[in-house]
Amino acid sequence: EARVTTTAIHVWGEALDEDWVAEFTAYRLLPLACELRGSVVLHGAAAALGQRAVLLVGDNGSGKSTQVSTLYRRGATFLTDDVAVVDMVE
């Protein structure tokens with residue numbers, strides 16, 4: 001049984017942690033929704049450089065976020081540092 005109140009989400013009588021709900025939504029539900037609509041969802045970090053973007057993919061701890069942070073400090077636009085949604089356009 002799940003129910004939502006104005007102050008908390010309860011599942012089987014237990015209130016869920018607000019941070020857990022936010023993380024679950026951002027890193028599980030939204031990527032799943034994007035995949036279901038045909039997007040490619042990657043574990044990666046991205047930055048925009050002018051009209052182009054750089055997407056770095058790799059294992060946890062491989063330096064993706066660090067590299068995007070470096071690009072940001074050098075003037076690039078930050079896009080994401082964990083979940084990247086890619087739509088293929090013809």
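The residues of the chain are indexed from 1 along the displayed sequence.
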Closest non-hydrogen atom pair, Ala46 against Leu55: CB-CD1, 4.0 Å

Separation of Leu71 CG from Leu56 CG (nearest 0.5 Å): 7.0 Å

About how many Å separate CG of Leu29 and SG of Cys34, when rounded to the nearest 0.5 Å? 11.0 Å

Value for NZ (Lys64) from CG (Asp59), rounded to nearest 0.5 Å, stands at 7.0 Å

Could you check whether atom CG of Asp87 has more than 12 heavy atoms from other residues, nucleotides or ligands sitting under 6.0 Å from it? yes

Which heavy atom of Thr80 sits nearest to which heavy atom of Val68, and what is that distance? O-CG1, 4.3 Å

Looking only at heavy atoms, the pair that brings Ala47 and Ala76 closest together is CB-CB, 4.1 Å

Inter-residue atom distance Asn60.CG - Ser65.OG, 0.5 Å rounding: 9.5 Å

Any donor and acceptor pair, going by atom type alone, linking the side chain of Thr25 with main-chain N or O of Val21 inside 3.5 Å? yes

In this structure, would Tyr27 and Val41 fall into the same cluster of hydrophobic residues linked by side-chain contacts under 4.5 Å? yes

If you measure from CD on Gln67 to CG on Asp81, what distance do you get to the nearest 0.5 Å? 13.0 Å

Could you walk me through whether Val40 and Val85 satisfy the side chain to side chain contact (heavy atoms under 4.5 Å, CB included) test, starting with their C-alpha distance in whole Å, then the side-chain angles of each, then the deciding distance to 0.1 Å, before giving a yes or no? CA-CA 6 Å; Val40 176; Val85 178; over 6 Å; no

Using the side chain to side chain donor-acceptor pair (under 3.5 Å) rule, take Thr70 and Arg74 through it: C-alpha gap first, then chi angles, then the decisive distance, then the call. CA-CA 6 Å; Thr70 299; Arg74 293 183 179 185; over 6 Å; no

Output for pair (Thr77 OG1, Leu79 CG), nearest 0.5 Å, gives 7.0 Å

Filter on ring-ring contact (aromatic ring centres under 6.0 Å, His included), then keep only pairs touching residues 41-90, sequence neighbours left out; what's left? none

